[in-house]
Structure formats: structure tokens, C-alpha cells
Amino acid sequence: MIIVLHNMVKDAEKQHIKEYLESKGLKVREIVGEKETVLGAVGPVSIDIRQVELLPGVAQVIPISKPYKLASRELKKEDTVFDVGPVTVGGNRVCVIAGPCAVESREQIIETALAVKKAGAVMLRGGAFKPRTSPYSFQGLGEEGCRYLKEAGELTGMPVVTEIVSPADAEMMKEYIDVYQIGARNMQNFELLKKVGSMGMPVLLKRGLSATIEEWLMAAEYLMASGTDKVILCERGIRTYETMTRNTLDLSAVPVVQKLSHLPVIVDPSHATGLRNKVLPMALAGIAAGAHGLTIEVHPNPEQASSDGPQSLYPEQFEKLMGDLETLSSVVGKELTRLPDKRHLELAAKVKEAADIKGSTGSSKAAFQGMHGAYSEQAALTYFNGSDVEAVSVSHFSNIFKDVLSGDADWGVVPLENSVAGSILENYDLLYRYPDLQIIGEVKIRVRHNLLAASGTKLEDIKKVYSHPQALSQCADWLEKRGIEAVSFYDTAGAAAWVSNEKNPAIAAIASADAAGYYGLDVLAEGIETNPHNYTRFAIIARQDMISPDSSVDKASLVFSVADEAGSLSSCLSVFSEYGLNMKKLESRPIHGKPWSYMFYIDLDIPSDRTVFDKAVEKIKTLSEDFRILGLYQG
Ligand code: PEP
Ligand code: MN
């Protein structure tokens with residue numbers, strides 16, 4: 001049963017309710033939600049609900065109708081999101097686990113780990129105990145395999161996932177691994193589920209070969225009732241009469257499970273299809289269906305694999321899949337989970353330093369232009385994800401630069417270009433005008449426009465919609481189709497705030513989903529822009545003293561002007577081709593006070609041999625005027 005507590009419940013009352021339920025033989029879990037705190041009480045006994053309703057501090061008691069209780073959405077309305085080491089699983093994250101079917105040798109698992117990590121995987125898989133159909137097939141390296149997995153995981157920074165087949169191995173495996181996998185063949189091995197659940201660690205629970213969704217959720221319930229909250233469900237195909245693929249991937253299980261359970265659900269297209277060339281389309285389909293991630297078999301040399309070679313991807317195929325997932329994730333409103341790279345670790349150290357200087361109360365600040373809920377704020381939160389950084393709103397772009405220079409802010413988040421509308425020229429001018437500030441990084445975000453209105457508003461009643469002119473033009477098709485009038489406003493989040501204040505059921509705003517949260521509006525329609533390839537690139541700026549001289553960089557932004565004579569620009573640009581440097585962008589801006597003269601802004605890749613870049617810079621300095629490096633950073 002679910003015991004909803006009063007908002008003002010006292011700690012002593014809560015404690016008394018828990019003790020009462022436990023004294024009746026129930027296990028009690030406290031679940032703190034956004035709107036309310038509830039206690040979930042489960043167990044083999046049934047008690048009179050009315051007795052519980054009478055306890056002080058109880059607002060309501062609701063029986064859970066499903067046979068699975070702790071796993072059910074009835075008990076917990078919000079998605080379960082948890083961390084496995086540095087990796088976040090669930091919610092709006094797409095988490096990719098990859099590795100060979102089986103750990104075959106130390107070299108093989110290390111080689112695979114390096115390859116999948118480079119392509120963007122965040123967890124490493126590999127079986128050390130292989131439950132095989134034939135007793136004569138390769139059974140796995142056992143503890144030795146776990147040891148190699150741990151070594152490969154530590155080397156690459158990836159948590160490791162491996163299958164457990166016997167309760168007797170649980171304690172031994174705990175020393176080596178981060179996530180226990182329960183294989184399809186063991187999904188209803190209840191003694192194994194109880195033992196693994198009692199370890200309290202994350203568990204990846206495969207769906208059984210012929211298990212119904214309810215049986216699968218009951219298996220999750222065993223794990224949770226035994227002591228873990230961190231269960232990842234994995235759809236890996238079921239047995240049907242079809243023989244063209246190894247199993248039949250039941251993709252509709254993904255949205256079905258998401259309705260029934262709060263647990264994250266991922267897809268395993270490798271075991272589902274059994275065929276390498278079917279893995280990529282079904283992996284994408286899994287994410288399109290709403291899965292929180294994938295587990296994919298990858299082998300450096302699939303022909304030689306001791307198990308599941310035909311379904312294992314070559315590393316190049318996996319790299320291609322990760323590229324496609326990057327694009328697809330943003331289309332479905334999710335983000336690929338990434339391992340914190342060196343840049344983020346360096347940044348986190350700088351953030352901490354900045355906060356320390358201010359004393360324990362001040363977290364460091366990133367200034368963005370616009371009101372709370374602006375896309376710029378989303379960019380700030382994305383870039384500084386996980387660090388103790390507060391996004392502070394300023395009214396004009398120039399204030400970002402002023403505040404960073406004065407130290408009122410530690411960082412600035414400045415939009416430079418939008419993939420649909422082009423460059424934000426004012427910010428190029430500001431970058432030039434503040435020589436003491438540098439670009440230290442960049443972040444690209446997908447701009448996803450939503451129709452927001454006061455709670456209870458019906459879409460068909462809306463007559464006017466307010467937003468920034470660019471957002472209105474990007475959603476023009478959608479608005480025209482519904483005969484809604486577009487009205488310009490100074491910014492998107494400002495329009496959301498205004499609509500929230502007006503309380504008029506005939507108006508709406510176009511803004512980010514975050515703005516809906518800030519201003520208490522409902523999202524009536526999501527992703528209403530005509531072109532979903534709508535991205536904005538932001539530069540992160542900081543004072544010179546915030547830059548680590550030893551940071552790893554792969555992108556440069558430069559600015560220079562040239563003499564007003566034939567061939568002067570082309571001789572500068574030819575230096576890039578002479579040194580084999582890849583130019584990413586060229587922008588020109590008029591020089592203030594010097595009519596018909598221009599500054600040229602260039603972005604380019606820094607090659608792994610940094611000296612090539614340094615030599616090219618020396619040469620361009622001799623050919624140009626007013627040369628300056630705006631920033632060296634990781635692009
Ligand atoms: C595996 O992941 O290698 C495996 C054996 O999977 P399943 O249990 O889904 O067959
Ligand atoms: Mn396998």
C-alpha cells in the first residue's frame with residue numbers, strides 16, 4: 001500500500017507510522033517526490049487500511065493494485081534516475097553499455113574497452129560466466145574474467161556490467177564489478193534474484209526468453225524487495241515462431257513498461273536479432289521507442305569471438321551507431337550520457353577553486369542573457385552539468401562580458417550561432433572588445449520549442465501566441481495550420497513569464513520546457529518547430545586567470561584583420577591549407593570607426609601535434625594585423 005503523508009508531517013509522526021507498519025510485518029520504503037512524500041509498505045501480510053489512515057500525519061492510504069509493488073508506477077510517479085559511478089541512468093539520459101559477449105582474455109577486453117569508450121560508450125559489458133545452451137561451449141573465464149573486466153573498467157573510467165549465474169559468486173564478484181546482470185535464462189531464478197537484490201548494488205535485469213511483462217516486473221520486485229532500488233530493465237527479445245532473427249525484439253514492451261513501472265528500461269538489439277546488420281536499425285528503433293539506453297555487443301575481431309560473433313559489431317560499426325544516436329537522442333528530447341572527460345574534471349576543479357575563494361556560501365556563477373528558462377540557461381546547465389555552478393540571468397549580452405570581467409560572474413555563456421538563423425553578430429563584436437576574456441569551451445544545444453499555456457488551457461481555445469520573432473518564425477508552419485496569430489515578444493522565457501501572469505485562456509507562449517517549470521505553465525505541445533535540426537552553439541567565456549595552461553584543447557578561435565590590398569586575406573587563409581589545418585568557420589565583421597575594413601573570425605581544429613598549429617599561428621601573425629587568439633578549448 002501507499003501511505004501519502006501530510007505536507008506538514010512531523011518527523012516523530014513519520015517515525016511512528018514506520019514503526020507501526022514494521023511491527024505488522026511490512027517492509028517500508030520512503031519515497032520523496034516533487035509534490036509529496038509517500039511511504040510504500042509491502043509484505044506478505046494484509047492489514048486493515050483504516051487503521052493506518054487514522055495515524056497522525058497520514059493524508060491518504062492507497063492500495064497498490066498491481067502484484068508488483070515497489071517496481072510499480074503507482075508507488076512512485078517520477079522516473080527512477082540513479083548513478084552508477086560517474087554514469088547517470090534513467091530520466092532523459094541515453095546510456096550506452098558496450099563490450100564483447102564474453103571476456104576472452106585480458107588483451108581482448110582492454111582492446112574492446114578502449115574502442116567502445118572512444119566511440120562514446122559509458123559502461124563496459126562482458127560475460128565472465130556464460131550460461132550456454134551446450135555444456136561443451138565456452139563457459140567463460142570466471143573470476144579471472146572479472147579481474148580483467150575490473151582492470152579494463154579502471155583504465156577507461158567505465159563502470160562494468162557482468163552476468164551472475166550463481167548466488168555463491170555474489171560476494172566474490174562484488175569486489176570486481178559495478179552492475180550485476182541477471183541473464184534471460186535466470187530471470188526467474190528466485191534464489192539468485194534474492195541474493196543479488198540483497199547486495200544493494202545496481203542490477204541489469206534481462207527479460208526472460210518467454211516471460212510476460214508482468215513476470216519480468218515480478219522479477220524486478222524480487223530484487224527490490226531483497227534490498228536494491230537500482231534496477232535497469234532490459235528488453236532483449238522473446239521467443240516467437242519467427243526464425244529469421246534469433247529472437248523477436250518486443251519494442252512495444254518499452255512504452256508498456258514505462259507506463260507500469262518507474263524503473264529505467266534499456267534495449268539489447270544484439271541478443272534480440274542475433275545478426276550484426278540488424279543491430280543498428282533496432283538500436284535506433286529502441287531509442288525512438290523511448291528506451292533509456294542500449295547494451296550492445298562489440299568485438300575487435302568478431303570472426304574469432306568465442307561466443308555471439310555473428311551479432312557482435314565491429315568497432316567501426318559501433319562508432320557509426322554512436323554518431324546516429326547523438327542526433328536521435330536530441331530528437332526524442334534526451335541526451336547521450338557521457339563520461340566526464342578531462343575538460344570537465346579540470347573545470348570542476350576550477351569551479352571548486354572559484355567557490356572556495358568566495359567562501360563556503362558562494363557557489364561559482366555563470367552569467368547568461370535572458371530570463372530563467374531561456375535556452376542560454378539550458379546551455380549553462382548543460383555545460384556545467386554536475387558542477388556546483390549557479391546560472392545567473394543578466395539583461396543584455398554586454399552585461400555577461402562586464403560581469404565576467406569584474407568578477408561578479410566566474411563564467412559567461414554566450415550564443416554565437418544558430419544552425420537555422422545564423423550568427424549572433426553582436427557577440428562576435430563583444431569577443432573582440434574584451435581582450436582580457438577568453439573562450440574556454442563551447443556547448444551546443446538542441447533548441448526544442450514548446451507551446452506553453454496556463455494550466456487547464458485547451459489547445460483549441462488558443463488564439464494568440466507570444467515569443468521571440470525567431471522562435472515564431474521557426475514554428476510558423478505549426479501555428480499557421482492551426483490559425484493561431486503570432487505576436488512578437490522580446491524573448492522566449494519572457495513571453496512564458498508574461499503568459500503566466502496574464503491568466504488568459506486564449507494565449508500561449510513558445511519557449512523551452514524548462515520555462516514551463518519556472519513559470520508554472522503546462523506544455524500543450526512539444527517540439528513544434530518545422531526543422532528539428534535547430535541547434536545553438538554557445539561559447540563559454542572566462543577571465544585569463546581561470547584558464548589551466550595544461551588543459552587539453554582541440555579547437556581554436558582566432559581573430560585578425562588584413563591590409564587593404566589584393567590577396568591579403570587569401571595569403572592568410574592559405575597558411576591553414578599549407579599546414580593542413582581544418583577551418584570550421586569564417587565570419588567577418590566591420591571594424592568600428594574604420595568604414596569598409598573588417599575583422600575576420602576563424603574557428604579551426606588543433607591537430608594532435610600542437611606544434612603544427614603554433615607554427616601556423618606564427619606565420620599568420622606576420623601576414624595579418626591585430627591578430628589575437630580568442631580561445632583554445634575543447635570543441
Ligand atoms: C549476454 O548478455 O551475453 C546474454 C547471455 O544475454 P541474455 O541473457 O539476454 O541471453
Ligand atoms: Mn551474448
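The structure displayed is predicted, hence computed values, not measured ones. Atoms within a ligand are numbered from 1 in the order they appear, just like the ligands themselves.
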Relative to the Mn ion (ligand 2), which of the N, O or S atoms in His271 is the closest? NE2

Where the side chain of Arg73 meets the backbone of Gln258, is there a donor-acceptor pair that is under 3.5 Å apart? yes

Side chain Gln311, main chain Asp308, donor-acceptor under 3.5 Å: no

Asp605 side-chain N/O to Pro607 backbone N/O, donor-acceptor pair under 3.5 Å: no

Chi angles and distances behind the side chain to side chain contact (heavy atoms under 4.5 Å, CB included) call for Leu325, Leu294: CA-CA 10 Å; Leu325 286 173; Leu294 297 165; 3.7 Å; yes

Would you find a donor on one side and an acceptor on the other, under 3.5 Å apart, between the side chain of Glu111 and the backbone of Pro300? no

I'd like to know if the side chain of Thr248 pairs up with that of Glu242 as donor and acceptor (distance under 3.5 Å, no hydrogens or angles considered). no

Quick one, list the residues around ligand 1 where some non-hydrogen atom comes in under 4.0 Å, by chain and residue number. Cys101, Arg125, Lys130, Glu163, Gln181, Gly183, Ala184, Arg185, Lys206, Arg236, His271, Glu297

Minimum-distance atom from the Mn ion (ligand 2) among N, O or S atoms of Asp308: OD2

When you look at Ile47 and Val52, which way does the side chain to side chain contact (heavy atoms under 4.5 Å, CB included) test go after all the steps? CA-CA 9 Å; Ile47 59 169; Val52 185; 3.8 Å; yes

Check Glu297 and report its N/O/S atom nearest to the Mn ion (ligand 2), by atom name. OE2

